[in-house]
Each structure stands twice: as C-alpha cells, then as structure tokens.
Amino acid sequence: MNFTSHMPLALAEARAAADRGEVPVGAVLVAPGGEVVASAGNRTREYRDPTAHAEILAIRAACIAAGSERLPGHALWVTLEPCPMCAAAISAARIEVLYYGASDPRMGGVSHGARVFDHPQCHHRPQIYEGIDAEAARRLLQSFFQDRR
C-alpha cells in the first residue's frame with residue numbers, strides 16, 4: 001500500500017481560510033480506500049459560529065456523504081493540533097487516524113491541555129501522528145497573526 005500525505009490539501013484549505021480572514025486551519029478527511037471525502041477551512045467568522053472549525057466542518061460533510069454519524073477507517077489531516085472540542089468530535093465520529101501539523105500548546109486538546117484522548121471517559125482513541133508539515137503550518141499561522149498586530 002502506498003502512503004499519500006494529504007497535508008498539502010489541508011494547507012491549501014488553511015491558506016484559503018486566511019484569505020477569508022479566518023484563522024488559517026485546514027482539514028481533510030480521507031475514506032478507508034484513500035479518496036478525499038471532505039475538506040474544509042475554518043469559517044467561524046463567516047458563519048458566526050464558534051463550532052465552525054475546519055475539523056468540525058469536514059467531519060459534518062463526511063458524515064453526510066457517508067450517511068452515518070460514524071467514520072470508521074477514515075483518516076483526518078489537520079494543519080493544527082485539534083482543540084478539545086474537535087478532539088471530542090473526532091472521538092465521537094470514530095475516526096481511525098489523526099494526522100496533524102503544528103502543535104498548539106495554548107489551545108490544543110490532543111498533546112496539550114485537556115488531552116482528550118488520554119481521558120478515562122474517552123470512548124474512542126485514534127492513532128495519532130503529529131508534526132506532519134509542522135513548519136509550513138506554523139509559518140502560515142505566525143504570518144496570519146503578525147499581519148493583524
């Protein structure tokens with residue numbers, strides 16, 4: 001089986017989010033067969049919805065496409081470590097693998113902060129691979145926030 005990184009598409013979604021004035025985070029959901037079933041960038045400002053994170057939007061779209069609230073065997077690619085809300089949604093959707101880029105020591109919920117998947121009440125824990133294209137994701141975020149200061 002060939003391994004394909006979907007982080008370039010997630011980074012493209014993050015750049016598109018930045019162009020819309022959103023925090024540049026992008027997410028891509030990949031089905032067990034390797035096809036991309038959903039991709040999204042943050043839209044919290046556009047939708048006036050604090051839950052409109054890239055991960056949540058991609059999970060919603062993939063669940064609609066799958067006709068199910070569960071996504072077993074799916075992989076999620078995200079440019080930034082998911083927050084606790086998104087980590088809980090990843091668990092609820094039963095996503096099998098999580099790949100993420102930059103760590104988020106302040107708001108992360110996977111390797112930092114709440115560490116949702118380490119909590120005893122977490123009912124599903126994905127495989128986690130961190131640091132995928134982390135420098136590109138970090139530069140994009142730093143540039144976005146520098147431009148606003």
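Since we're looking at a predicted model, the values are computed, not measured.
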Do Leu29 and Val97 sit in the same hydrophobic cluster, where Ile, Leu, Val, Met, Phe, Trp and Tyr count as joined when their side-chain heavy atoms come under 4.5 Å apart?
no
Parallel, tilted or perpendicular, judged at 30° and 60°: which one describes the rings of His6 and Trp77?
perpendicular
Could you pull out every donor-acceptor pair under 3.5 Å between side chains of residues 9-27 and any protein atom, sequence neighbours left out?
residue : atom : partner : partner atom : Å
Glu13   : OE1  : Gly41   : N            : 3.4
Glu13   : OE2  : Ser39   : OG           : 2.8
Arg20   : NH2  : Asn42   : O            : 2.8
Glu22   : OE1  : Thr44   : N            : 3.1
Glu22   : OE1  : Thr44   : OG1          : 3.3
Glu22   : OE1  : Arg45   : N            : 3.1
Glu22   : OE2  : Arg45   : N            : 3.2
Glu22   : OE2  : Glu46   : N            : 2.8

Stepwise side-chain contact (heavy atoms from CB on, under 4.5 Å) check, Asp104 with Cys83
CA-CA 8 Å; Asp104 190 354; Cys83 72; over 6 Å; no
With a 3.5 Å cut-off and no angle check, do the side chains of Arg60 and Thr51 form a donor-acceptor pair?
yes
Say whether Val78 and Ile95 are linked into one hydrophobic cluster, either directly or through other cluster members, by side-chain heavy-atom distances under 4.5 angstrom.
yes
When you check the side-chain N and O atoms of Ser111 and Tyr100, is any donor under 3.5 Å from an acceptor?
yes
Non-hydrogen atoms of Met7 and Gly101 that approach each other most closely
CE-N, 3.7 Å
State, to 0.1 Å, how close Ala38 and Ala62 come at their nearest heavy-atom pair, and which atoms those are.
CB-N, 3.8 Å
Closest non-hydrogen atoms of Leu57 and Ala52, given as atom of the first, atom of the second and distance, are CD1-O, 3.7 Å
How close do Ala92 and Arg70 get, counting heavy atoms only, and between which atoms?
O-NH1, 3.0 Å
Arg48, CZ: over 12 other non-hydrogen atoms inside 6.0 angstrom
no
If we ignore angles and hydrogens, is there a donor and acceptor under 3.5 Å between the side chains of His112 and Glu81?
yes
So which heavy atom on Val116 is nearest to which on Ala88, and how close?
CG1-N, 4.1 Å
When rounded to the nearest 0.5 angstrom, what distance separates CD in Gln127 from OH in Tyr129?
4.5 Å
side-chain contact (heavy atoms from CB on, under 4.5 Å) between Glu35 and Val37, worked out:
CA-CA 6 Å; Glu35 65 275 6; Val37 292; 4.2 Å; yes
When you measure from the side chain of His74 to the backbone of Pro72, do you find a donor-acceptor pair of N or O atoms at a distance under 3.5 Å?
yes
Is a side-chain donor or acceptor of Asp133 paired with a backbone partner of Ala136 at a separation under 3.5 angstrom?
no
Decide whether Arg94 and His123 meet the rule of one side-chain donor and one side-chain acceptor closer than 3.5 Å.
yes
Quick one, Leu141 with Leu80, criterion side-chain contact (heavy atoms from CB on, under 4.5 Å). Give me CA distance, side-chain angles, the key distance, then yes/no.
CA-CA 9 Å; Leu141 285 158; Leu80 181 65; 3.7 Å; yes
